[in-house]
Amino acid sequence: MTAKLEVLTPGLFATVQDLGRPGYTALGVGRSGAADRDALRLANRLVGNPEGNAAVEATFGGLAVRFDGPVLIALTGAVGPARLGGRAIGPNAPVFVGAGEELRLGVPDRGLRTYLAVRGGIEVPPVLGGRGTDTLSGLGPAPLAAGTTLPVGHRVLAWPVVDQAPCAAIQDEPVLRLVPGPRLDFFTEDALGTLLSGRYAVSAQSNRVGLRLDGPVLRRAKSGEVPSEPAAPGAVQVPPSGQPILFLADHPVTGGYPVVAVVAEEDLGGAAQARPGTRLRFVRSRLPG
């Protein structure tokens, strides 16, 4: 018998996510996948799954689910109150769940996105090799709603041998490494310095597509339109307002605004955990590129 979990309430926004659909950019399909990929990988490792198994990505808590059979779960990413069958449980650790028990997530104290992995993975049908929801293209399962049931799969590795994974705290003010972008010449000479020296606040208009940032304006040296060109995760595009947009998991595959810089992919998980109002800074990367 295959175990299932039933969504009692999805909270603000919750989806199924894995490591996405790489390799289809030429077809106009972005990679998508978990916004905080490191947190997804850790959650899967903690329950003895392959790192790419599908899990639940819950945004700003509020998720409540019921398990119809015994399973092993782990919570990673945003840290906040969580109760299983009425008892408090902690993050970054494997936890056994009894049949019929309910898991409820409160509003996180830090971060924005929590990952719920189940040993065996969430086994929704794959689309182009991925089981996650791409909110921009509409591929994958619909965002979770009350009454949604999710089957648990059987793709597992050895049983985990750790009780707790040490994790660095989510930064109150993320510092994101970047390299100059391919269209830096579209901006005034001081634009990159402005981006590096300023502090930007995450706008409430942000989502899985990208972070809209409020802060010092980046001025253009060239006016006019830019032909649509490929866009990558971490690209910092600048619309006519001069306020940058940092592309996240569900970014478009092409963009028409000049890219002033590109944030290191290793830092995008931290960006994905920045809730509206969070201030962040950029620093010049020492990584190759």
Side-chain angles (χ1 to χ4, degrees), residues 25-26 28-33 35-37 59-60 111-113 134-137 170-289:
T25 302
V29 177
R31 184 182 66 187
S32 188
D36 186 344
R37 298 166 72 82
T59 304
F60 208 50
L112 182 64
R113 295 180 168 95
D134 183 334
T135 60
L136 191 65
S137 71
I170 293 175
Q171 296 175 301
D172 291 331
E173 184 174 304
V175 179
L176 308 178
R177 297 167 295 173
L178 57 72
V179 295
R183 298 300 182 187
L184 187 59
D185 61 326
F186 274 67
F187 298 89
T188 58
E189 291 185 358
D190 63 350
L192 185 60
T194 299
L195 186 66
L196 291 169
S197 62
R199 297 173 72 203
Y200 288 85
V202 175
S203 163
Q205 303 304 312
S206 302
N207 52 30
R208 282 179 45 86
V209 175
L211 296 184
R212 290 185 176 273
L213 303 176
D214 295 328
V217 170
L218 305 182
R219 295 182 297 161
R220 291 273 294 270
K222 298 179 183 179
S223 59
E225 299 293 327
V226 178
S228 292
E229 53 191 3
V236 181
Q237 284 201 340
V238 183
S241 67
Q243 299 289 301
I245 302 171
L246 169 57
F247 280 168
L248 296 181
D250 288 356
H251 68 87
V253 296
T254 60
Y257 298 133
V259 174
V260 67
V262 180
V263 171
E265 183 156 3
E266 294 85 347
D267 292 352
L268 293 182
Q273 293 293 356
R275 61 179 70 181
T278 298
R279 291 190 175 276
L280 55 79
R281 294 186 292 116
F282 297 101
V283 296
R284 188 83 174 251
S285 175
R286 295 182 180 179
L287 295 174

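Note that the numbering runs from 1 along the sequence shown for the chain. Only a predicted model underlies this, so the values are computations on that prediction, with no experimental measurement involved.
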Could you pull out all residues at least two apart from Arg220 that satisfy side-chain hydrogen bond (donor to acceptor under 3.5 Å, both in side chains)? none
Distance from Leu268 atom CG to Leu211 atom CG, nearest 0.5 Å? 9.0 Å
Taking side chain to side chain contact (heavy atoms under 4.5 Å, CB included) as the test, write out the residues that go with Ala231, two or more places apart. Phe247, His251
Just jot down the salt bridge (Lys or Arg N to Asp or Glu O under 4.0 Å) partners of Arg31, sequence neighbours excluded, or say none. Glu265
Sequence neighbours excluded - salt bridge (Lys or Arg N to Asp or Glu O under 4.0 Å) pairs with any residue from residues 201-210: Glu57-Arg208, Arg208-Asp250
If the condition is side chain to side chain contact (heavy atoms under 4.5 Å, CB included), which residues does Glu173 pass it with, not counting sequence neighbours? Arg199, Arg279, Arg281
Mind checking side chain to side chain contact (heavy atoms under 4.5 Å, CB included) for Ser241 and listing every partner two or more places apart, or none if nothing turns up? Pro239, Gln243
Between Pro252 and Val209, the two heavy atoms sitting closest are CD-CG1, 4.1 Å
The complete set of salt bridge (Lys or Arg N to Asp or Glu O under 4.0 Å) pairs with one or both residues in residues 238-247, sequence neighbours excluded, reads none
With sequence neighbours left out, the residues meeting side chain to side chain contact (heavy atoms under 4.5 Å, CB included) with Val29 are Arg21, Tyr24, Leu128, Leu139
Can you name the closest pair of heavy atoms from Pro216 and Gly198 and give their distance? CG-CA, 4.0 Å
Which residues pass the side-chain hydrogen bond (donor to acceptor under 3.5 Å, both in side chains) test with Thr194, sequence neighbours left out? none
Side chains of residues 254-263: which donor-acceptor partners sit under 3.5 Å, not counting sequence neighbours?
none

Evaluate the side-chain proximity of Tyr200 to Asp214: yes if any heavy-atom separation is below 4.5 Å, no if none is. no
How long is the span from the CG atom in Asp267 to the CG atom in Leu280, to the nearest 0.5 Å? 11.0 Å
Look only at the side chain of Arg212 and the backbone of Ser206, and say whether a donor-acceptor pair between them is shorter than 3.5 Å. no
Sub-3.5 Å donor-acceptor pair from the side chain of Gln273 to the main-chain atoms of Leu112, do we have one? yes
Look only at the side chain of Asp134 and the backbone of Ser137, and say whether a donor-acceptor pair between them is shorter than 3.5 Å. yes
Taken in chain and number order and not counting sequence neighbours, the residues that satisfy side-chain hydrogen bond (donor to acceptor under 3.5 Å, both in side chains) with Gln205 are none
Do Thr278 side-chain atoms and Val202 backbone N/O form a donor-acceptor pair below 3.5 Å? no
Using the test side-chain hydrogen bond (donor to acceptor under 3.5 Å, both in side chains), find all partners of Asp185 that sit at least two apart in sequence or belong to another chain. Lys222
